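Each chain gets a letter, A, B and so on, in the order its sequence line appears, and its residues count up from 1. Keep in mind it's a predicted model, so treat the numbers as computed, not measured.
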Amino acid sequence: MTVRTRFAPSPTGFLHIGGARTALFSWAYARKHRGEFILRIEDTDVARSTPEAVQAILDGMNWLGLSWDEGPFYQMQRMDRYKEIIQKMLADGSAYLCYSTKEELDALREAQMQAGDKPRYDGRWRPEEGKKLPSIPAGVQPVVRFKNPKTGLVEWVDMVKGHIAISNEELDDLIIARGDGTPTYNFCVVVDDWEMGITQVIRGDDHVNNTPRQINMLKALGATIPQYAHLSMILGDDGQKLSKRHGAVSVMQYDEDGYLPEAVLNYLARLGWSHGDDEIFNMEQFCEWFDLDHITPSAAQFNTEKLNWLNSHYIKQADLANLSKDITKRLSLKGIDVGNGPNLESVIALYRERSNTLNELAAGIEYFYKTPVTDAVAAEKHLTADVMPLMKAMMLQLQSAEWTVESIHHIIEQTVVNNGLKFPKVAMPLRVMLTGNAQSPSIDAVMHLLGQQEALKRMATFF
RNA sequence: GUCCCCAUCGUCUAGAGGCCUAGGACACCUCCCUUUCACGGAGGCGACCGGGGUUCGAAUCCCCGUGGGGACGCCA
């Protein structure tokens with residue numbers, strides 16, 4: 001049987017890191033088994049779903065390169081089908097109408113909580129042999145409830161958590177269609193997973209409690225029950241739960257912050273899943289290795305430091321032309337035109353090893369394309385009265401120098417030797433004059449890239 | 001409150017009863033490299049939540065506790 005997995009986000013916000021990992025694992029599972037990966041938008045909450053959110057999710061998926069084989073399907077476009085099945089269930093008695101009002105239900109819930117019970121529907125409208133139902137109130141649009149079995153156990157072997165069993169006595173008759181006739185989440189999921197032939201449902205473990213209800217409905221419909229894999233959640237850097245209010249950011253924010261999708265993907269893959277001691281691998285390798293057996297059942301804390309490490313790795317590996325395109329964009333956003341200076345690829349080649357993010361890289365090379373502001377502390381420390389004459393003499397020498405790294409280095413070295421100094425004594429002031437601060441790659445290489453004219457121009461401003 | 005789930009270095013994790021003196025990675029510390037900062041290299045610090053079982057032997061299996069999380073919607 002062909003493996004078919006799906007990612008089924010609800011379009012009520014952007015694609016965040018937890019959703020991205022769920023998508024990644026579902027995608028990888030399908031790829032691994034040469035199956036199909038389906039994207040389904042669960043937009044039945046009309047009040048909260050927005051087209052912008054749909055687009056944001058698609059953008060996130062595309063940025064990560066998680067391509068789907070079918071879809072995106074939109075549940076709102078499948079209304080007729082859901083309603084058809086609800087009618088069938090109503091007809092065969094596996095579902096029934098319930099006329100309880102929201103107010104009534106709220107009161108019931110509260111009373112149960114007060115009494116220390118698990119809040120649940122008490123079945124007052126549930127038809128039963130020999131039971132007399134209340135008389136139908138006027139003006140109430142009934143909801144449709146699923147007639148959940150009252151006894152027995154629902155169990156399944158979760159592919160990450162193992163055997164899970166829940167007693168039917170814990171479950172109540174959930175609403176599958178609202179008063180206005182629109183179906184609800186738990187029902188749509190069941191119909192779709194069934195009709196779309198999903199073989200493995202891989203989703204967040206906040207759905208564990210929905211699973212027994214879904215299995216019961218699947219059984220009532222005579223459907224095949226898929227396998228389930230419930231992924232534990234991702235906590236924020238601070239160990240706290242991620243939420244809209246706290247820490248959850250769009251995956252696109254990582255793009256904006258200068259992370260490469262390869263790095264984010266690799267990081268996410270290792271968050272909750274492992275393949276021995278392997279840390280760095282590409283998606284092709286990941287899809288080959290991926291399995292559900294090596295997923296940790298416990299929650300994982302996000303660690304930006306480790307993401308940074310991976311990102312710096314991928315920056316070092318990246319194709320220079322691609323990096324160059326990206327950095328051009330980032331700099332131009334800051335009003336810097338890379339046309340105003342040395343070849344960008346050469347500059348990046350010199351700088352890529354020192355950056356955790358593309359933004360750091362962009363910021364680090366700014367001074368090649370615009371006159372730097374000299375850091376006061378660095379100037380005070382290195383541009384001392386005793387070395388300035390040496391700097392001036394060197395400037396004159398550099399004016400007539402052949403502009404290669406070797407000859408520049410030679411001039412610096414001569415100054416060092418002739419004056420009985422240590423190398424940094426000469427290199428540091430040069431660095432401050434040319435870059436504006438006390439850290440840069442080899443100063444001879446920097447000067448070479450900067451170009452003779454620009455380098456001399458910057459030096460001249462100090463005399 | 002009720003039900004469900006989880007528990008190895010600060011963090012991500014390896015670990016399927018002897019291979020564990022608990023391994024790797026990030027971070028941190030030291031040293032080396034060095035033209036500053038990085039990169040890179042070599043070391044170091046650092047963990048099986050507690051208590052009971054089972055077993056010749058437990059990080060691994062079982063039970064109880066403790067701690068954390070999730071779910072209990074006409075949200076998904």
Side-chain angles (χ1 to χ4, degrees), chain A residues 8-12 42-45 47-49 75 98 100-102 105-106 109 112-120 141-145 158 161-162 164-167 169-172 174-180 182-186 188-189 203-212 230 232-233 235 237 239 241 267 270-280 293-294 296-310 312 316 351-356 364 378 382 409 412-413 416 422-428 430-432 435 437-445:
Chain A
S10 66
T12 52
E42 310 216 321
D43 53 358
T44 51
D45 184 351
R48 289 197 294 165
S49 297
Q75 290 188 322
C98 166
S100 294
T101 61
K102 278 182 200 177
L105 262 15
D106 286 345
R109 226 188 325 271
Q112 288 167 328
M113 289 278 243
Q114 290 278 316
D117 291 332
K118 184 172 182 166
R120 74 246 268 195
Q141 284 292 316
V143 299
V144 180
R145 286 186 186 268
D158 195 275
K161 292 185 187 287
I164 298 178
I166 290 168
S167 165
E169 284 157 36
E170 295 297 328
L171 273 22
D172 63 359
L174 75 156
I175 293 172
I176 60 177
R178 303 179 177 95
D180 65 3
T182 57
T184 59
Y185 164 76
N186 270 298
C188 298
V189 169
R203 63 192 353 173
D205 75 355
D206 47 334
H207 288 290
V208 170
N209 294 275
N210 291 324
T211 306
H230 288 100
S232 58
M233 53 190 285
L235 273 21
D237 253 319
K241 188 194 168 184
Y267 179 73
R270 271 301 275 110
L271 199 59
W273 176 84
S274 62
H275 184 266
D277 288 339
D278 294 304
E279 294 287 349
I280 293 177
D293 301 336
H294 290 84
T296 346
S298 54
Q301 190 171 318
F302 194 90
N303 185 219
T304 304
E305 303 271 15
K306 190 159 178 181
L307 206 215
N308 284 342
W309 168 69
L310 277 166
S312 70
K316 283 174 219 157
Y351 248 92
R352 69 203 310 194
E353 304 204 324
R354 23 200 349 116
S355 317
N356 281 331
H382 299 290
H409 185 84
I412 298 173
E413 200 160 47
V416 167
K422 298 261 194 195
F423 205 100
K425 185 70 184 168
V426 177
M428 289 309 291
L430 267 178
R431 182 148 24 228
V432 174
T435 73
N437 64 63
Q439 298 97 41
S440 84
S442 291
I443 193 59
D444 41 19

- Is any side-chain N or O of A:Ser274 closer than 4.0 Å to OP1 or OP2 of B:A14? yes

- Message: What contact category does A:Asn308 fall into here, base, sugar-phosphate, or nothing, at under 4.0 angstrom with non-hydrogen atoms?
- Response: nothing

- Item | Touch class at under 4.0 angstrom, heavy-atom based, for A:Asp43 against every strand present | nothing

- Task: Considering only atom P, compute the distance from B:C12 to B:G69 and round it to an integer number of Å.
- Result: 14 Å

- Message: Using the C1' atom as the point on both nucleotides, what is the distance between B:G17 and B:C56, in whole Å?
- Response: 12 Å

- Message: If the cut-off is 4.0 Å, is A:Arg48 near the phosphate of B:A76, judged by side-chain N/O to OP1 or OP2?
- Response: no

- Contact class for A:Gly272 vs. all strands (heavy atom < 4.0 Å): base, sugar-phosphate, or nothing? sugar-phosphate

- Task: Can you tell me, in whole Å, how much space there is between the C1' of B:U34 and that of B:G41?
- Result: 13 Å

- Task: Ignoring backbone atoms, test whether A:Lys241 places a side-chain nitrogen or oxygen under 4.0 Å from the OP1 or OP2 oxygen of B:G70.
- Result: yes

- Message: So A:Lys161, base contact, sugar-phosphate only, or nothing? Heavy-atom distance under 4.0 Å.
- Response: sugar-phosphate

- Message: At less than 4.0 Å, is any side-chain N or O atom of A:His294 found next to OP1 or OP2 of B:G15? Yes or no.
- Response: yes

- Query: What distance, rounded to whole Å, do you find between the two P atoms, one in B:C62 and one in B:U2?
  - Reply: 24 Å

- Message: Please give the distance between the C1' atoms of B:A25 and B:G44 as a whole number of Å.
- Response: 16 Å

- Item | Option among A:Leu105, A:Val143, A:Ile175 that satisfies the side-chain contact (heavy atoms from CB on, under 4.5 Å) test with A:Cys98 | A:Val143

- Task: In whole angstrom, give me the gap between the C1' atoms of B:C9 and B:C3.
- Result: 33 Å

- Query: Is a donor-acceptor pair below 3.5 Å formed from side chain A:Arg270 to base B:U13, judging by atom type as modelled?
  - Reply: no

- Task: Check whether any side-chain nitrogen or oxygen of A:Thr44 sits under 4.0 Å from OP1 or OP2 of B:A76, and answer yes or no.
- Result: yes

- Side chain of A:Val208 (C-beta onward), nearest among B:C4, B:C26, B:U2: B:C4

- Item | Any A:Lys118 side-chain nitrogen or oxygen under 4.0 Å from OP1 or OP2 of B:A71 | no

- With the side chain defined as heavy atoms from C-beta on, A:Gln301 is closest, among B:A25, B:C12, B:U35, to B:C12

- Query: Counting distance only, does the side-chain N/O of A:Asp237 pair as donor-acceptor with the main-chain N or O of A:Thr304 below 3.5 Å?
  - Reply: yes

- Among the nucleotides B:A71, B:C6, B:U11, whichever has the atom closest to the side chain of A:Asn209 is B:A71

- Item | Side chain of A:Glu353 - closest among B:A27, B:G1, B:A38 | B:A38

- Item | Watson-Crick or G-U counterpart of B:C19, or none if no pair lies under 3.5 Å | none

- Query: What nucleotide among B:A25, B:U36, B:A71 has an atom nearest to a side-chain atom of A:Trp309?
  - Reply: B:A25

- Task: For the side chain of A:Glu305, starting at C-beta, report the closest nucleotide among B:U36, B:C6, B:A27.
- Result: B:A27

- Task: Tell me which nucleotide among B:U36, B:C74, B:C3 gets nearest to the side chain of A:Ile175.
- Result: B:C74

- Base, sugar-phosphate, or nothing for A:Ser298, non-hydrogen atoms under 4.0 angstrom? sugar-phosphate

- Message: Check the phosphate of B:U13 against A:Thr296, side-chain N and O only, distance under 4.0 Å to OP1 or OP2. Yes or no?
- Response: yes

- Distance between P atoms of B:G67 and B:G15 (Å, rounded): 30 Å

- Quick one: the side chain of A:Glu279 and the base of B:G24, do they pair up donor-acceptor inside 3.5 Å? yes

- Message: Can you identify which nucleotide, out of B:A7, B:G73, B:G23, has its nearest atom closest to the A:Asp277 side chain?
- Response: B:G23

- Contact class for A:His409 (heavy atom, under 4.0 Å): base, sugar-phosphate, or nothing? base

- Message: Which nucleotide wins on minimum distance to the side chain of A:Asp45, given the candidates B:A76, B:U13, B:C6?
- Response: B:A76

- Item | Identity of whatever pairs with B:C49 - Watson-Crick or G-U, under 3.5 angstrom | B:G65

- Task: Select base, sugar-phosphate, or nothing to describe what A:Thr304 touches, counting heavy atoms under 4.0 Å on all strands.
- Result: nothing

- Query: When rounded to the nearest Å, what value does the distance between C1' atoms of B:G46 and B:U55 take?
  - Reply: 31 Å

- Would you mind classifying the nucleic acid contact of A:Leu271 as base, sugar-phosphate or nothing, using non-hydrogen atoms under 4.0 angstrom? sugar-phosphate

- Query: So what's B:C26 paired with, Watson-Crick or G-U wobble, going by both distances under 3.5 Å?
  - Reply: B:G10

- Across every strand shown, the nucleotide meeting Watson-Crick or G-U wobble geometry with B:C39 (both distances under 3.5 Å) is none

- Task: Choose from B:A76, B:C39, B:U36 the nucleotide whose nearest atom is closest to any side-chain atom of A:Met428.
- Result: B:U36

